[in-house]
Amino acid sequence: MKRFFVLLILCSWITVWTQADETVKVACVGNSITYGTGIVDRMKMSYPAQLQNMLGDRFRVGNFGKPGATLLEKGHRPYRKQEEYQNALRFAADIVVIHLGVNDTDPRDWPDYRDNFVKDYLRLIDSFREVNPQCRILIAYITPIGDRHPRFMSGTQQWHKEIQEAIKTVSEISGAELIDFHTPLYPFPNLFPDAIHPNEEGAGILAKTVYAAITGNYGGLQLPATYSDNMVLQRDTALCIHGMANAGTHVTVKIAGQHKTATAGKNGRWEVTIDPIRAGSNYTLTVSTPETSQTFRNVAAGEVWLCSGQSNMEFMLKQDRNAASAIPQATNPDIRLFNMQGRWKTDASEWTEQAIDSASRLMYYKETTWQTCTPVSAANFSAVAYYFGKMLQDSLHVPVGLICNAVGGSTTESWTDRFSLEANFPAILKDWTTNDFTQQWARERALLNLKRSTSPFKRHPYEPCYLYEAGILPLEKYPIKGVIWYQGESNAHNMQAHSRLFKLLVEGWRKQWNNARLPFYFVQLSSLNRPSWTWFRDSQRLLMQDIPYTGMAVSSDKGDSLDVHPTDKRPIGERLARWALCREYGKAIVPSGPLFKRATLENDTVVVEFAYGEGLHTSDGKPLTHFEVATYEGFYFPARAEIRKNKVILYTDKVKHPKFVRYGWQPFTRANLVNGDGLPASTFRGIIR
C-alpha cells in the first residue's frame, strides 16, 4: 500500500507532461544566465536550448531570460517590469522554472530592499499561477558568483548567502519546488569566464538539473564509488548508506540481518541508516530497487582510515627501503585497500591535451575498487599507510580499511574546501599560478603540466580547492574513524599561511564528516637541507597544540639531507599508529617522542621538561647535542646538555641571561634525544620562563 501511494505521488508530479496529445510548455524565467549571456551560440547552447534537446518534441521550452533583471521590484531592473515577463505570462506555461536573485546582490538592491525579497518573489509566483492555476513552479537556488568577481568581497559573497536563505523561505511558503543551481556548479569556477555567467558546459549542467527535476529521471540506482566488493564499513557506529535513484523510487538495503528502506526524493537522493555492525568479515550488502539490484560481497566491518597528503604519503611500498622483505609478507585478507591514484603524474612533464581536458572536469582520479591486501596490491599502495594499517590490524585483530588519497607535490590549499577559503583566506584563490602563497616550484610544475592548455582558467591538482572537490567530496558520508596526513613540503616556504590553511583544512574535513572530533594525525616534516624547514617543523608542533584531537609523528631522525623522499617509511607509519592506538583505542602505549613542555631558569642552568619524556636518553649512546640558548632571538650559542631525572639541564658561559632555547634547529639534523620507547624528540623553539 505504501509503495502504491509513492507511485501516486510520483504520477502527480508528471501528469502535466504525460498526456500523449498535448505539448507541455516550459517557461524558463530569469536573468542573463537564463538568457545565455556570454555563450557564443546562445540559441543552441543556452540552458533552455539544451533543456529543449533533452526533453524532446513533447515539450516546448521558452527562454524568457532578461539580462540584468532583479527579482526585487524596487531593484535597478525589476523583472516584472520587463517585456520578457509579459511574454512569459502570455506563454501560460505548464511548468515555470525561475532563476532570479543573482543581480539582487548588487549594492543598489539588496542593502536597501532585502526586506521585500520574499514578498516580491511570492507575487511573481502567484502571477504565473493566475494565468495557469495548474502550473508547476520550480524555483532555483542562484548560481555561484566567483571570487574573481569585482564585488565579491565588498558584499556580494555574504548577500549571495542571504538570498539563498530567502529563496528557501519562498519555497516553504509557496509550495514551489526548490531546485539547486548552486551545488552542481560550485566546484567549477573554470566554467564561469567572467565569474558570473556559465559557459556552454555550465549551461549544460543547469539543463541537466532542470531535466532531472521535471522528469524525475536521475539515471536509476547509483551508489558512490567507494562501494564495491571487499569494502570495509566502520564498525560499531550507525552507517549512512546513500545514493541516487529516480525520484519516488523505493530503495531497499540489506546487510547483517538488517532490512532498511527509503524512497528517493524529488532531488533523486535517498539514504538509510544502518544500525551499528560488529567487527567481522564476509558480510553481504545488497541495495535494490524494483528495477535493479547491486550486491557487494566479502564486505568487512572494522576500522576505516583516510590516508592523505602529498608525495611522501603517495610513496609506494615497493619504493620502501624494506620492500624486499615487507612485500612478500603482505598477504592479509583483514586489511583492505582503496587506492585513489591520479590519472596523470604531477611530475616535471607536459601533460597530453586529453589530460588537461579531463582535469578541467574534476576527473583526475582513476576508477578504483576495494582490494584485499596481497603482495601485488600492497606493493603499489602507500608505504606509510600500509605500515600504519598493519600495526592497527596486528594490535586490534579486526579488519582495517585504508583509503589512500595522496597526490605528489600537492598544496595544503588544494585540499581545503572552497567555502572556507572564500570566507577566511580569499587572497589565496587569486591568480594561484602567480601569487606568492603557492611555492614557486609548485607553480612552475603546474604550468609545465598544463603547457598545452590555452584556457585562462586551466585547472590542476595544485589549484586551491581542486583536490578537495575532486577527491574528498566524493567520499562524503562514507564513515571513517580518522585521518592520517603527510603533507607540507609544498607549503614549507610560508609557515604563517600554512598555519591558517591547515586549521581550515582540518575544520573543513571535520564538517564534511559531521564529526567535530575526527582524529587527525599528521607527520612533522623530516630533515632536509631546506632552510625554511626548521621554522616550519616548529609551526607544525604548535599546530598540534592549537587544534584538538590531533597528534604529530616526528620524522626528523629518518630524513635525508638531499632527498625529499626518505625511504624508511615503516617507523613513520607506526608512529602514526601509536597515536591512533593510544587515543582512539585506549591502548597503553606511548604515542609520541618527547614534546617540549616548558623551560625554566634555575640559578645558572636552564631546565627543559617534556611530555612523553619518561626514560630520556640519546639514540646513539653519545652525549646529548643540538641544544642552543640565547638572550636575543637570532643570536644563539650552543649549550652543554645532560639528562637528569627525565629532564634536560643546559649550561653555557656565553649567555648570562638566557631567554630562548631551541633544539635540533638545523634544516637537516641528527639531534639525538629520545624517550624510553626510542621515539625521537621533536625539534623545537621555546621561551625560557
Side-chain angles (χ1 to χ4, degrees), residues 38-41 45 50 143-144 146-149 184-208 225 308-311 314 339-368 404-418 421 428-435 437-475 487 489-491:
I39 295 175
V40 175
D41 189 352
M45 299 305 294
Q50 295 190 55
T143 49
D147 63 275
R148 290 177 285 109
H149 193 277
L185 284 171
Y186 190 53
F188 297 100
N190 57 308
L191 301 185
F192 293 77
D194 63 355
I196 196 166
H197 295 99
N199 62 12
E200 292 85 347
E201 186 176 351
I205 293 173
L206 296 180
K208 290 177 183 177
S308 190
Q310 59 181 107
S311 55
E314 186 182 39
N339 201 4
M340 299 175 67
Q341 294 181 307
R343 294 176 184 267
W344 310 279
K345 293 289 187 181
T346 52
D347 53 13
S349 61
E350 188 177 313
W351 284 358
T352 65
E353 291 183 10
Q354 179 186 7
I356 296 167
D357 181 63
S358 296
S360 72
R361 290 164 175 77
L362 294 177
M363 292 173 59
Y364 179 69
Y365 293 93
K366 298 176 183 177
E367 293 183 6
T368 190
C404 183
N405 183 2
V407 176
S410 57
T411 61
T412 310
E413 57 266 32
S414 66
W415 295 100
T416 307
D417 71 279
R418 187 170 300 279
L421 292 186
I428 205 165
L429 295 166
K430 305 289 186 184
D431 303 320
W432 71 274
T433 58
T434 59
N435 72 41
F437 290 113
T438 304
Q439 195 156 308
Q440 184 175 356
W441 75 262
R443 286 182 274 140
E444 292 174 350
R445 177 74 58 80
L447 290 172
L448 175 61
N449 293 158
L450 298 174
K451 188 175 181 180
R452 298 188 187 189
S453 174
T454 58
S455 169
F457 306 107
K458 49 184 171 283
R459 306 201 75 181
H460 188 275
Y462 298 176
E463 173 191 334
C465 313
Y466 184 98
L467 290 173
Y468 179 87
E469 293 164 344
I472 299 302
L473 274 181
L475 301 176
Q487 192 276 336
E489 296 91 338
S490 292
N491 293 81

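Keep in mind that this is a model prediction, so the values were computed, not measured.
Under a 3.5 Å cut-off, the side chain of Arg418 and the backbone N or O of Cys465 do not form any donor-acceptor pair. Side-chain atoms of Arg343 never come within 3.5 Å of backbone atoms of Ala359 as a donor-acceptor pair (strictly under, hydrogens ignored). Within the 3.5 Å criterion, the main-chain N or O of Pro189 finds a donor-acceptor partner in the side chain of Arg148. Distance alone, capped at 3.5 Å, is enough to place a donor-acceptor pair between the Thr368 side chain and the Asn339 backbone. Within the 3.5 Å criterion, the main-chain N or O of Val407 finds no donor-acceptor partner in the side chain of Glu314. Within the 3.5 Å criterion, the main-chain N or O of Asp431 finds a donor-acceptor partner in the side chain of Thr434. No donor-acceptor pair closer than 3.5 Å links the side chain of Asp357 to the backbone N or O of Ser360. Between the side chain of Gln50 and the main chain of Glu200, a donor-acceptor pair closer than 3.5 Å is present. One N or O on the side chain of Ser490 and one on the backbone of Gly409 form a donor-acceptor pair closer than 3.5 Å. Counting only distance, with no hydrogens or angles, the side chain of Ser308 and the backbone of Asn405 share a donor-acceptor pair below 3.5 Å.
Around the NZ atom of Lys430, the shell of radius 6.0 Å holds more than 12 heavy atoms that belong to other residues, nucleotides or ligands.
Residues satisfying the side-chain hydrogen bond (donor to acceptor under 3.5 Å, both in side chains) criterion with Asn190, sequence neighbours excluded, are Arg459.
Atom OG1 of Thr412 sits about 7.5 Å away from atom CD of Gln310, to the nearest 0.5 Å. Separation of atoms OH (Tyr186) and CG (Leu191) is listed at 14.5 Å; rounding is to 0.5 Å. To the nearest 0.5 Å, atoms OG (Ser410) and CD (Glu489) are separated by 9.0 Å. Annotation: the span from Asn449 atom CG to Thr352 atom OG1 amounts to 10.5 Å, rounded to 0.5 Å. Rounded to the nearest 0.5 Å, atoms NZ (Lys366) and OH (Tyr364) are 9.5 Å apart. Between the CD1 atom in Ile428 and the CG atom in Asp147 there is a gap of 11.5 Å [rounded to 0.5 Å].
Taking every heavy atom of both residues into account, Glu413 and Thr438 meet most closely at OE2-OG1, 3.3 Å. The two atoms that bring Pro198 and Ala203 nearest to each other are CB-N, 4.1 Å, heavy atoms only. Pairing each heavy atom of Pro184 with each of Pro187, the nearest pair is O-CD, 3.8 Å.
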Q: Could you go through the side-chain contact (heavy atoms from CB on, under 4.5 Å) check for Leu475 and Met340 one step at a time?
A: CA-CA 11 Å; Leu475 301 176; Met340 299 175 67; 4.2 Å; yes

Q.
side-chain contact (heavy atoms from CB on, under 4.5 Å), that's the test. Do Thr346 and Tyr462 meet it? Break it down for me.
A. CA-CA 9 Å; Thr346 52; Tyr462 298 176; 3.4 Å; yes

(Q) Met45 vs Val40, test: side-chain contact (heavy atoms from CB on, under 4.5 Å). Steps then yes/no. (A) CA-CA 8 Å; Met45 299 305 294; Val40 175; over 6 Å; no

Q: Check step by step if side-chain contact (heavy atoms from CB on, under 4.5 Å) holds for Trp432 and Thr411.
A: CA-CA 11 Å; Trp432 71 274; Thr411 61; over 6 Å; no

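Aromatic ring pairs are classed by plane angle as parallel below 30°, tilted from 30° to 60° and perpendicular above 60°; the pair Trp351 and Trp344 is tilted.
Leu185 is listed as a side-chain neighbour of Leu206, based on a closest heavy-atom distance under 4.5 Å. Contact check for Leu447 versus Lys458: side-chain heavy atoms found under the 4.5 Å cut-off.
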